[in-house]
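Order of the sequence lines fixes the chain letters, A, B, ..., with proteins taken first and strands second; residue numbering starts at 1 for each chain.
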Amino acid sequence: MAKRTVAPDSELVAGLTRRQLQEIYYYLALARAAEERLEILFRQGHVHGGLYRSLGQEGESVACAYALRPRTDGTGDLIAPLIRNTGAIFVMGGTPLEYFRQYLARGAGPSRGRETNIHFTDFARGIIGPVSPLGTMMEVLAGAMLACRMRGEDRVGMIWCGDGQTSTGAWHEGINFAAVQRCPVVVVIEANRWAFSTPTALQTRAKQFVDKAVGYGIAGERVDGNDVIATYEAARRAVDRARAGEGPTLLEAETYRLRGHAQHDAQDYVPADELEQAQARDPVELFRKRLLAAAWATSAELAAVHGRVAREVEQAAQQAVADPYPEAEEACAGIYTDVEIRPPWTRLEAPDPARA
Amino acid sequence: MAKRTVAPDSELVAGLTRRQLQEIYYYLALARAAEERLEILFRQGHVHGGLYRSLGQEGESVACAYALRPRTDGTGDLIAPLIRNTGAIFVMGGTPLEYFRQYLARGAGPSRGRETNIHFTDFARGIIGPVSPLGTMMEVLAGAMLACRMRGEDRVGMIWCGDGQTSTGAWHEGINFAAVQRCPVVVVIEANRWAFSTPTALQTRAKQFVDKAVGYGIAGERVDGNDVIATYEAARRAVDRARAGEGPTLLEAETYRLRGHAQHDAQDYVPADELEQAQARDPVELFRKRLLAAAWATSAELAAVHGRVAREVEQAAQQAVADPYPEAEEACAGIYTDVEIRPPWTRLEAPDPARA
Amino acid sequence: MATIAQGTTRTKPDHVRKTERGEAVTFLEAISEGLFEEMERDPRVFILGEDVGVYGGAFKLTRGFSDYFGRERVIDTPISEAGFTGAAAGAAHMGMRPVVEMQFMDFIAPAYDVITNYIATSLWRDAGPMPLVIRGPVGGGSRSGAFHAQNVEMAFFHTPGLKIVYPSNPYDAKGLIKAAIRDDNPVIFEEHKGLYRAPHLRQVLPHEDYIVPLGQARTAREGKDLTIVTYGMMVHKSLEAAATLEKEDGLAVEILDLRSLLPLDEDAIVASVQKTSRVLIVHEDTRTGGIAGEIALRINEKAFAWLDAPILRVTAIDSPIPYAPTLEDYVLPQTADILTAARYLARY
Amino acid sequence: MATIAQGTTRTKPDHVRKTERGEAVTFLEAISEGLFEEMERDPRVFILGEDVGVYGGAFKLTRGFSDYFGRERVIDTPISEAGFTGAAAGAAHMGMRPVVEMQFMDFIAPAYDVITNYIATSLWRDAGPMPLVIRGPVGGGSRSGAFHAQNVEMAFFHTPGLKIVYPSNPYDAKGLIKAAIRDDNPVIFEEHKGLYRAPHLRQVLPHEDYIVPLGQARTAREGKDLTIVTYGMMVHKSLEAAATLEKEDGLAVEILDLRSLLPLDEDAIVASVQKTSRVLIVHEDTRTGGIAGEIALRINEKAFAWLDAPILRVTAIDSPIPYAPTLEDYVLPQTADILTAARYLARY
Ligand SMILES: Cc1ncc(C[n+]2csc(CCOP(=O)(O)OP(=O)(O)O)c2C)c(N)n1
Ligand SMILES: Cc1ncc(C[n+]2csc(CCOP(=O)(O)OP(=O)(O)O)c2C)c(N)n1
Ligand SMILES: [Mg+2]
Ligand SMILES: [Mg+2]
């Protein structure tokens, strides 16, 4: 590609400026570095629950989220991320410190040590955290965006769903509700070929996930999720449609899960050549090459990004490790807004069931 | 249509003989007459629960079922009928007497007075009765046919689902399971425009239900469900595919529910002209005209069918009315195969909780 | 918050104007009125469910609502209990106060996952309060078979974070539905369909706005010899039995109408037990794992010393609810069972 | 019945051959062996669930099964708990005996509808027996958060037609899974993941085929001063407490391991209460609406006169299970709680 000299804030590709392209790269690098750092913390015994990597999927996650309008005052777009959306969470304003604190069950973490991995909610920044049962968030996001639409707010909601999740009844009921009610949502299917150890062929007989769109009467698009620019553009179109009142889009992002389902999964069910081929299509690497080739960034600029990322991640990790767990007694708080849950009678100073 | 003289057992249309065509007419007439008789019983206070009519849908119900291979020894094809499949139940060998007894909660009825309307099962004749929560039967039939496939039996299962039912998560999980496992099932969508008072446009944004087939990677076909011959042919193709190991077909039968959801529904939400137009396309009437026009039956033959139907229905109705309810104490039986449910202690001869 | 789409006609449906006109209302009308008043009062309140709009719901409880409030606030949903309950949760996140109708409460089952795992845990997960109500008809006795007759309290009683309400009369029903809608916690609201139109239950309700607070039982009848702890339809069967016991046995039976099942009004139960020393728990729901167990354990924890007799129960037998009248009457607890049990306890 | 597709290799996986070799097995291996033996014994038995095939299940309990029995008998399903549980029901109708694995029992929630409304009622609806088992890991203490830690017994305890099993040791687990598979009623089989690989629980099991009948409790420890009724993981915490109580307080604690929760072994409970007159119920599950209530009521019905003290309980607090170790340990019942409660009761 021929090198061109352009003003720093003019649009270079897909309506993105140099600053924006490098910002996307920053989020990609940040997601990857944070997860890598977390793996170390995991091996050191700091993480108790499962650890999930988005390795190989940072591209679609960041690119899609980047098509949104993030705010910090609760008036921006909304996302419903999943375990492989570290990148999207960062784009919306989530920080590595929150991420580590959450994974490390710290009292100062966003769910105050109550919930695992990325299960945390922050309405100010438009993040609705998931629960584990798959599919529910499709219902929830549909309803959140219904509320926005009812109030005439022009906000858009984006959700990421694994290929496996499309098999759940909850997902079906949720996307159908969104379709019928023309809720402004973008449904990103992360078609990463596997659901835990289950290949796509055992999940659905559909040739491609985008084929499901017509069955819901909604727009559908399929994109190479490892191509950051193409994914951004497709997401952008979907977001625009949603904001224009045209209802949901099902956006299939073809990608690949380069690691096992979680840290404990050796992924020995994956054919070696399949993994090799996929590794060659690492979205971060592809984007880096493209940035350099198109002169949208210089090596020095990218090195600076990596430097910044490394500092931010390291500082956050150290802070999180130093933080304490929540106090045990906090367990009784916040179950109802107005009903007190008392400590067990056996732990009262003078144990007495009549006083519990 | 020109009149032709043909041997009584040669194939006249769609591979159907004169006898078969008239048999189809018999089932259509029987379904309609049985339901009409039931309405009278309802008004007389003999039916306690809801009463559901299939008026206007007898065509697709009978025609689809007629494509199956019924047996009475538990080795034939299977159906999972719904409230509007009186006709299909009769095709498989269900009788008006069973139908009335079931609706009238008689002790000699097929569920011994335990369950309502057509909620009864008869494995010998291949009828798997539904429960009320919609969608479940899709899962159940998928599994029943999986078992048949595992054992190398060439049986086919057919299920009728209302348009509204397609919105349920259970239906989605069931049809997806059937698709992935290539279960030999035919999924008939009874697209009758309404789900209780909810029009199709509020149920799905899909333009047609058959559009859902591609999303499950299965065969799809759409047919005028009020055209008995066309529906039979489409069902036949689907059954053949299933029996040949090609997996499920989604068969959309366009039809119309000429009555309210149930007896208590005055259907005042239905536009008058819509109803009028639909009445003009009564499948039984259309088929009758076609039989006569093509000389597949004479007026006398059809009159004989109606005579037979009237006798059978009247006899069954009178028998059912005369039958008693089940004995109260039977309520304790059959909850577990091996755990006794005792009568309440307050009803023991000498009431004593320690003895219950 | 931007404005909420407003209604298309401003004529209130007739069946929510009875109190305004000083007329007595049925149980069903009381709930309609409560719902209607809360929708007028608070633009964040809206309704979702199957056939709730034009049709007005299977029992016509929201008849005329969609004309008055507009179809945006009375949403006819696809048949997808999980989907629209989950959607209600999403809307509640955004500050709305959805009221979900289950056409029959039996059909809450497909929404079990989202209710117990998502909705009930929202506050605890630090995802904010979850002001939503799930309401619908429950209960047997109407010859509708096993899937139009269930009581669902025990499916949810074990889930911290939820509240469960089960009123027995129009006054309470109206006050409780209004309190439930104003509550910041998710509430499951059970309406016994046998009470809906029962003519003898009609009550003239206060003109002014009132609520009945969640979590508080009501003494439906005072007595000193025996306490019956009950709720819903069984309050009426218990009252019937109590009248007979007074007349025929000279027994003064106290009846505690729980009204809220979760949280349970333990204090009221304990106070009554301390007064009468004999407890009978009556519920229409099936026996094993019914709420009677929890009540018995609470009494053990707090008032064992006061007991002069075992804590006993009258309930449905452990069976789905059958269709045939003979069977259904056998399965469900009857007034005669309450009489027998109360006499046994009184003599103990 | 036509033949069932047979396996591709005839080499038994190593982890189901320990008993054959006379080696002690873990809790997990005991269940694997039981499952494997039943599949060998009866071609109608097959497995469905997420990742149960090539991967061998999230806990590797069915590792090697699909190689041995073929992929038709160990089916990797789409993520659809309702779908494959309903499919299992359909297969059971056709005479098969499916074993459904829930990857974590928490994910049984989406299948709540089909289990309670379809499966549990099949026999009662005259749709024939429903021989299927739904099994999977339950329980807290492994720092996995609220959705990988639940005990699900109380979601189903209230459903007539179901059986519920919850073993505490390898011997019982193997005998019970085999009995569950042979049972003609639907069985929910809970496996506490904290027991799966606990080294000190290893047992050498009988060489011969055996079952442990459903519905029968086991006296895990004899005693005369106090009965602890418990099950699962809490059997071990109770045993720990009992040892301390014996040493430090001279108390002889009887421990009843329920093993089956539904049907409940009422006779065993009553017999023990008649012996000790003091009862503590211990369950890991949350408090309100826990099984302790039903047990208390059964004791009231059958053995009230024997009670010298209130029936009390030690349970988790009414909260979802938190992730942080500090919080999780606080929420779950601990040995210290059992000690305290037992001492309180003994002194009562
Ligand atoms: C209802 C439900 N069943 C099972 C699980 C366990 N589970 C967690 S992630 C996962 C696989 C998800 O696959 P996919 O949706 O493709 O997402 P990916 O991990 O590939 O991103 C499974 C089975 C769950 N979380 N929820
Ligand atoms: C899960 C569930 N929710 C609600 C209902 C109540 N219900 C019974 S029939 C019906 C409408 C069904 O419409 P459709 O599927 O189109 O079938 P049709 O009546 O038109 O034949 C509804 C809502 C139910 N049976 N199951
Ligand atoms: Mg995947
Ligand atoms: Mg319909």
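- Across I335(A) and S319(D), no two heavy atoms sit closer than the pair CD1-CB, 3.4 Å.
- Geometric assessment of R106(A) against the ring of Y325(A) yields a positive cation-pi assignment under the 6.0 Å and 45° thresholds.
- Here R53(A) pairs with E39(A) in a salt bridge; the nearest charged N to carboxylate O distance falls below 4.0 Å.
- A donor-acceptor contact closer than 3.5 angstrom is absent between the side chains of T136(A) and E139(A).
- Proximity to chain D (any heavy atom under 4.5 Å) is shown, for Q267(A), by neither the backbone nor the side chain.
- Only the backbone of R313(D) comes within less than 4.5 Å of a heavy atom in chain A; its side chain stays farther off.
- Heavy atoms closer than 4.5 Å to chain A are found nowhere in P310(D), neither backbone nor side chain.
- Salt-bridge formation is detected for the pair D323(A)/R101(A): a Lys NZ or Arg NE/NH1/NH2 atom is positioned less than 4.0 Å from an Asp or Glu carboxylate oxygen.
- The contact between S144(D) and chain A is made entirely by backbone atoms, counting heavy-atom distances below 4.5 Å.
- Chosen from F104(D), F107(D), Y344(D), the residue pairing most often with chain A at heavy-atom distances under 4.5 Å is Y344(D).
- Side-chain contact of Y323(D) with H119(A): a donor-acceptor pair under 3.5 Å is absent, judged by distance alone.
- Comment: E329(A) does not engage R347(A) in a salt bridge, judged by the lack of any side-chain N to carboxylate O separation of less than 4.0 angstrom.
- For L312(D), the part lying under 4.5 angstrom from a heavy atom of chain A is the side chain only.
- Ring geometry for Y269(A) against Y55(D) counts as perpendicular: the plane angle is over 60°, on a 0 to 90° scale with 30° as the lower cut.
- By number of non-hydrogen pairs under 4.5 angstrom with chain A, the leading residue of D76(D), T340(D), I79(D), T326(D) is I79(D).
- Proximity to chain A (any heavy atom under 4.5 Å) is shown, for D106(D), by neither the backbone nor the side chain.
- Proximity to chain D (any heavy atom under 4.5 Å) is shown, for W171(A), by neither the backbone nor the side chain.
- Looking only at heavy-atom pairs under 4.5 Å with chain D, the residue among L134(A), D265(A), T166(A), T204(A) that has the most is D265(A).
- In terms of non-hydrogen atom pairs under 4.5 Å with chain D, the most contact-rich of D268(A), I341(A), N117(A), L104(A) is I341(A).
- Per-residue heavy-atom pair counts under 4.5 Å with chain D were compared for S197(A), A170(A), S111(A), and the maximum is reached by S197(A).
- Side-chain contact, Q57(A) with T255(A): no donor N or O sits under 3.5 Å from an acceptor N or O.
- Side-chain atoms of Q203(A) and S167(A) form a donor-acceptor pair, as typed in the model, at a separation below 3.5 Å.
- Remark: D163(A) does not engage R257(A) in a salt bridge, criterion side-chain N to carboxylate O under 4.0 Å.
- Residue contact with chain A, scored on non-hydrogen atoms closer than 4.5 Å, involves the backbone of T77(D) exclusively.
- Of the atoms belonging to H264(A), heavy atoms from both backbone and side chain fall under 4.5 Å from chain D.
- Contact annotation for Q103(D): only side-chain heavy atoms (C-beta onward) come within less than 4.5 Å of a heavy atom of chain A.
- Proximity to chain A is absent for every atom of A82(D), based on heavy atoms less than 4.5 angstrom apart.
- The most heavy-atom pairs under 4.5 Å with chain D, out of G50(A), P326(A), G169(A), C332(A), come from P326(A).
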